[in-house]
There are 2 protein chains.
Amino acid sequence: MANESAAKIIATLRQQGVRITTARRAVIAALVHTDGHVTAEDIATAVQADAPEIHLSTVYRTLESLEELGVVDHVHLGHGSAVYHLAANRHQHLVCENCKKVIHLPHGLVDKLARDIDARYHFTLRPHHFALIGLCEDCRET
Amino acid sequence: MANESAAKIIATLRQQGVRITTARRAVIAALVHTDGHVTAEDIATAVQADAPEIHLSTVYRTLESLEELGVVDHVHLGHGSAVYHLAANRHQHLVCENCKKVIHLPHGLVDKLARDIDARYHFTLRPHHFALIGLCEDCRET
DNA sequence: ATCTTTGCAAACTTTTTGCACCAAT
DNA sequence: ATTGGTGCAAAAAGTTTGCAAAGAT
């Protein structure tokens with residue numbers, strides 16, 4: 001699970017000619033420290049504990065840039081906000097549509113399906129980019 | 001592909017004690033006629049061709065009721081609005097994240113994955129409730 | 001007559017954008 | 001000095017809600 005450090009990410013950005021600002025440092029730090037599905041709002045809150053002037057819209061813009069550079073991914077878990085995580089930390093999500101619980105899956109589980117879909121529809125699945133929705137053990141009994 | 005007729009759906013509703021109004025008739029008619037991923041807005045537009053006074057919020061409320069009764073499903077295709085379709089017309093969606101093209105899949109394709117996930121995580125996948133995101137043949141070459 | 005449903009307007013949530021100022025290179 | 005990035009406020013986009021009036025039973 002090659003967990004990229006903040007320093008490494010910043011080096012990558014610098015290499016790409018991206019400017020390293022307080023806001024970007026803070027967003028990266030937040031992403032590195034949480035290690036799993038956070039919303040833009042979550043990140044803003046975390047970041048604003050130290051630097052209250054950093055605006056939510058800056059967080060969105062930073063996440064957008066980081067995504068373009070391949071450093072983060074975002075996933076729509078179904079309802080509400082999208083969640084973001086480091087691309088290095090790629091995984092599947094199983095989301096219970098009743099209690100909203102999230103289960104992480106090893107990313108290989110969907111490989112067979114991805115191959116089938118490629119063979120039959122010439123379509124490349126990007127499985128880390130969506131959540132698998134359903135009912136968890138506790139909720140499915142009703 | 002047991003395509004339920006409007007009349008049959010209306011009979012079902014009546015049986016459940018749901019009142020049959022102009023708006024509900026119109027929404028059902030729209031769903032029956034389009035047969036594939038329409039947004040609430042699409043339905044409102046279709047419906048308003050005949051009955052301009054039917055409001056978007058009524059469409060939302062009607063869709064919500066129909067969903068509770070098991071007559072329609074809605075799916076989040078990733079970005080933007082959710083799309084609705086008749087539950088009888090259940091299928092998977094493959095959505096190209098680049099050109100937004102939608103490919104319908106037979107609903108059986110994901111069954112193996114659903115069984116694996118059930119066996120290993122005691123989680124019941126509801127595969128028709130989310131889209132599979134990726135890149136279509138035309139877009140993946142870039 | 002009753003009680004659900006509707007139309008409307010307004011709120012709400014999440015995300016995006018325009019613009020003048022600021023700061024990293 | 002340049003030019004990209006930021007803060008702010010305001011707009012978008014999608015969906016939900018409160019309420020009084022209308023309509024189905």
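In what follows, chains carry the letters A, B, and so on, assigned in the order in which the sequence lines appear, proteins first and then strands, with residues in each chain numbered from 1. Predicted model only: the values in this text are computed from it and were never measured.
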Distance-only donor-acceptor check, side chains B:Thr39 and B:Asp42, under 3.5 Å: yes
Residue closer to the 5' end of DNA chain D, B:Arg19 versus A:Ile54 (nearest nucleotide): A:Ile54
Closest-nucleotide 5' rank along DNA chain D - winner of B:Ser81 and B:Arg14: B:Ser81
Contact summary for A:Leu56 and A:Ala44, nearest pair of heavy atoms: CD1-CB, 3.8 Å
Give the rounded distance in Å between these two atoms: [atom1] of [X] and [atom2] of [N].
X       : N      : atom1 : atom2 : result
A:Tyr84 : C:dT14 : OH    : P     : 12 Å
B:Leu63 : D:dG14 : CG    : C1'   : 13 Å
A:His55 : C:dC21 : NE2   : C1'   : 15 Å
A:Ile28 : D:dG5  : CD1   : P     : 12 Å
B:Glu64 : D:dG14 : CD    : C1'   : 14 Å
A:Glu53 : C:dC21 : CD    : C1'   : 15 Å
A:Gln48 : D:dT6  : CD    : C1'   : 13 Å
A:Ile43 : C:dT14 : CD1   : C1'   : 14 Å

Contact nearer the 5' end of DNA chain C, comparing A:Arg61 with B:Val18: B:Val18
Sugar-phosphate, base or nothing in reach of [X], heavy atoms under 4.0 Å:
X       : result
B:Ala82 : sugar-phosphate
B:Glu41 : nothing
A:Thr39 : nothing

Salt-bridge contact B:Lys101-B:Asp138 (side-chain N to carboxylate O under 4.0 Å): yes
Would you say [X] reaches [N]'s phosphate, i.e. side-chain N/O to OP1/OP2 under 4.0 Å?
X       : N      : result
B:Tyr60 : D:dT16 : no
B:Arg24 : C:dT5  : yes
B:Thr21 : C:dT6  : yes

Derivation and outcome, side-chain contact (heavy atoms from CB on, under 4.5 Å), residues A:Thr62 and A:Thr21: CA-CA 10 Å; A:Thr62 300; A:Thr21 63; over 6 Å; no
Nearest-nucleotide pick for A:Leu56, side chain only, options being D:dT25, C:dT15, C:dT25: C:dT15
Options C:dG7, C:dT15, D:dG7, nucleotide nearest the side-chain atoms of B:Ser57: C:dG7
Plane angle bin for B:His91 and B:His104 - parallel if under 30°, tilted between 30 and 60°, otherwise perpendicular: parallel
